[in-house]
Number of protein chains: 2
Amino acid sequence: MIELAILGILKEGDLHGYELKKHLRTVLGPLSNVSFGSLYPALNRLERQGAVTAVVTDEAGAATMPMTGSLTGEAAAFRSRRRATRGPRNKKVYGITQVGERRLVELLSEPADDERSFGMKLAFFRWCDGPTRLRLLERRRAALLERLEETRRALAARDRDDPYVQALMEHDTESTMSDIAWLGRLIARERAGDDRTREPTGGHP
Amino acid sequence: MIELAILGILKEGDLHGYELKKHLRTVLGPLSNVSFGSLYPALNRLERQGAVTAVVTDEAGAATMPMTGSLTGEAAAFRSRRRATRGPRNKKVYGITQVGERRLVELLSEPADDERSFGMKLAFFRWCDGPTRLRLLERRRAALLERLEETRRALAARDRDDPYVQALMEHDTESTMSDIAWLGRLIARERAGDDRTREPTGGHP
DNA sequence: CTGCCGATATATCGGACCGATAGATTGCTC
DNA sequence: GAGCAATCTATCGGTCCGATATATCGGCAG
């Protein structure tokens with residue numbers, strides 16, 4: 001799940017770990033307060049998979065080499081050349097690869113049932129196509145409807161001794177209904193505008 | 001966090017692991033779908049701490065010995081007596097101890113900033129006293145107010161290119177405001193009824 | 001200039017947690 | 001009485017997080 005977030009952020013530009021964490025905090029906000037203890041292992045995982053590439057820069061900064069776009073060929077060569085360098089201020093700047101972009105779309109496509117992962121997918125919705133978006137939205141709405149039924153059943157069957165549990169359940173019911181209505185608006189908007197937003201990948205006439 | 005849930009459930013009666021999981025599912029519902037992979041290690045942890053006691057029963061079931069109330073003295077003796085028994089159908093029935101009840105109150109008292117742990121504490125609010133309840137409710141409201149400000153700042157500073165991120169943030173703002181209002185009602189109710197619910201532990205004239 | 005401080009930056013460790021799975025027993029059904 | 005689903009306890013690999021270690025950077029006080 002954190003891999004989706006990393007790839008989604010890196011898709012907009014290359015960053016090093018610390019910046020990445022800050023962007024994750026601002027974009028994802030309340031969902032998933034990523035810590036270094038999960039960020040760096042995840043970056044290593046992604047690097048092993050070939051989804052991201054790391055370039056170590058010296059104190060001259062990243063301006064010495066243009067890293068916009070997908071990193072392949074000479075970037076990888078440059079990286080291996082500078083790999084062993086352990087001079088002062090070695091910032092590792094990460095960039096997404098073509099493998100990483102495919103992985104991003106793949107992660108976006110697979111279903112998200114809980115609130116956290118759905119919100120994260122929604123934050124990166126611009127990277128996938130209309131049908132996928134609709135599928136995710138409708139699946140989420142179905143999950144919420146099911147949960148609404150379940151909570152209502154529990155609310156009806158429960159012995160009424162505890163006002164706090166009851167307040168919790170009632171508020172959960174209200175929140176869930178609000179979420180369902182919100183999803184309905186998103187679905188309607190998606191259906192209405194499905195002819196102008198067909199292409200997911202961006203740079204395209 | 002899962003320890004709080006276990007102790008809160010066990011406070012109402014002794015259960016074995018499988019029942020415990022079912023109760024956790026129904027009481028906590030959407031929050032924290034506990035799995036066996038966390039339930040059993042947590043039970044072992046609690047047993048090591050002396051917060052819960054496990055009794056292995058044979059096929060005659062738990063009815064052979066009364067286990068209501070706190071398990072001390074003869075219950076512990078009974079447990080150690082039957083410990084090595086590995087006959088057929090050894091269900092391990094767990095019960096909360098006095099140490100566990102103190103631990104429950106302690107866990108309830110410490111602050112809960114995120115939604116999950118706050119909801120869990122609210123589900124077991126009846127086990128702590130009025131001032132603690134008020135403190136937790138007000139702290140939660142303060143956290144939500146802060147988050148609301150943060151989201152609004154992010155919403156104002158953000159470049160408006162992405163409608164999905166914007167929809168996410170707006171909905172988050174609405175949900176947070178709704179939660180704050182709900183907390184306000186709970187706080188008012190708590191303040192109004194603070195003279196009749198002073199004693200937390202139950203059995204008391 | 002030097003020493004100190006807070007922000008920046010990378011990385012690791014132990015432990016909590018989860019999904020999947022194993023393995024054993026019970027009871028129901030045909 | 002054999003098969004089969006449900007019950008029940010338990011573990012494993014792996015992910016994630018909080019705390020922590022280490023080192024460099026810019027600034028500025030003495």
Side-chain angles (χ1 to χ4, degrees), chain A residues 1-6 14-25 28 30-49 52 54-62 82-94 107 110-114 116-117 120, chain B residues 1-6 14-25 28 30-49 52 54-62 83 85-94 107 110-114 116-117 120:
Chain A
M1 237 226 350
I2 192 179
E3 305 188 0
L4 168 62
I6 291 174
D14 307 327
L15 296 171
H16 56 244
Y18 203 80
E19 290 174 311
L20 198 45
K21 178 164 159 52
K22 282 192 290 188
H23 280 237
L24 284 168
R25 172 113 191 100
L28 300 176
L31 331 151
S32 160
N33 194 5
V34 189
S35 77
F36 289 122
S38 35
L39 179 59
Y40 285 112
L43 280 171
N44 290 332
R45 233 156 42 225
L46 288 169
E47 200 176 1
R48 239 181 296 131
Q49 296 167 16
V52 303
V55 178
V56 178
T57 67
D58 51 13
E59 71 276 5
R82 312 256 349 190
R83 197 60 191 288
T85 317
R86 275 287 150 209
R89 214 41 170 187
N90 280 334
K91 288 204 271 197
K92 286 177 77 173
V93 175
Y94 292 91
L107 285 174
E110 60 193 33
D113 287 326
D114 56 311
R116 290 254 305 249
S117 47
M120 191 164 295
Chain B
M1 238 226 346
I2 192 180
E3 306 188 0
L4 168 62
I6 291 174
D14 308 328
L15 296 170
H16 56 243
Y18 202 80
E19 288 173 313
L20 198 47
K21 179 166 159 52
K22 283 192 288 188
H23 280 238
L24 284 167
R25 173 111 193 101
L28 300 175
L31 329 153
S32 163
N33 193 3
V34 188
S35 77
F36 290 121
S38 33
L39 178 61
Y40 285 111
L43 279 171
N44 290 333
R45 236 160 32 232
L46 288 169
E47 199 176 1
R48 239 180 298 130
Q49 295 168 15
V52 303
V55 178
V56 178
T57 66
D58 51 13
E59 70 275 6
R83 195 61 190 288
T85 316
R86 274 289 151 207
R89 213 39 170 190
N90 281 335
K91 288 203 269 198
K92 287 177 76 173
V93 175
Y94 293 91
L107 285 173
E110 61 192 34
D113 288 326
D114 57 310
R116 290 254 304 251
S117 44
M120 191 163 298

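Side chains included, hydrogens not; waters and symmetry mates left out as well; all remaining heavy atoms used. Here is how names work: the chains are called A, B, and so on, in the same order as the sequence lines, proteins then strands, and each is numbered from 1.
Rounding to the nearest 0.5 Å gives a distance of 14.0 Å between NZ of A/K21 and CG of A/L15.
To the nearest angstrom, C1' of C/dC18 lies 15 Å from CG of A/D113. Look at CD on B/E19: it is 11 Å from P on D/dT7, rounded to the nearest Å. Rounded to a whole Å, the CG atom of A/L24 is 14 Å from the C1' atom of D/dC17. If you measure from atom OH of B/Y18 to atom C1' of C/dA24, you get 14 Å, rounded to the nearest angstrom. Look at CE on A/M1: it is 15 Å from C1' on C/dG19, rounded to the nearest Å. If you measure from atom CG of A/N44 to atom C1' of D/dG14, you get 15 Å, rounded to the nearest angstrom. In this structure, B/H16 atom NE2 and D/dT9 atom C1' are separated by 10 Å, rounded to whole Å. Across the protein-nucleic acid pair, A/Q49 atom CD and D/dG14 atom P stand 13 Å apart, rounded to whole Å.
Scored by the side-chain hydrogen bond (donor to acceptor under 3.5 Å, both in side chains) test, A/N44 finds no partners at all (sequence neighbours excluded). Applying the side-chain hydrogen bond (donor to acceptor under 3.5 Å, both in side chains) test to B/Q49 and every residue at least two apart in sequence or in another chain returns nothing. Residues forming a side-chain hydrogen bond (donor to acceptor under 3.5 Å, both in side chains) with A/H23 (at least two apart in sequence, or on another chain): none. In this structure, B/R116 has no side-chain hydrogen bond (donor to acceptor under 3.5 Å, both in side chains) partners at least two apart in sequence or on a different chain. With sequence neighbours excluded, the residues that form a side-chain contact (heavy atoms from CB on, under 4.5 Å) with B/D113 are B/R139.
Between D/dT24 and A/K91, no contact under 4.0 Å exists linking OP1 or OP2 to a side-chain N or O. In this structure, A/K21 does not reach the C/dT8 phosphate: none of its side-chain N or O atoms is under 4.0 Å from OP1 or OP2. For C/dC17, the OP1/OP2 oxygens have a side-chain nitrogen or oxygen of B/R45 closer than 4.0 Å.
Of the residues in residues 34-42 of chain B, those placing a heavy atom less than 4.0 Å from an atom of DNA chain C are B/S35, B/G37, B/S38, in numerical order.
Two residues, A/N33 and B/G17, neighbour DNA chain D, and the one matched to the more 5' nucleotide by heavy-atom proximity is B/G17.
The minimum heavy-atom distance linking A/L39 with A/G17 is given by the pair CD2-O, 3.5 Å.
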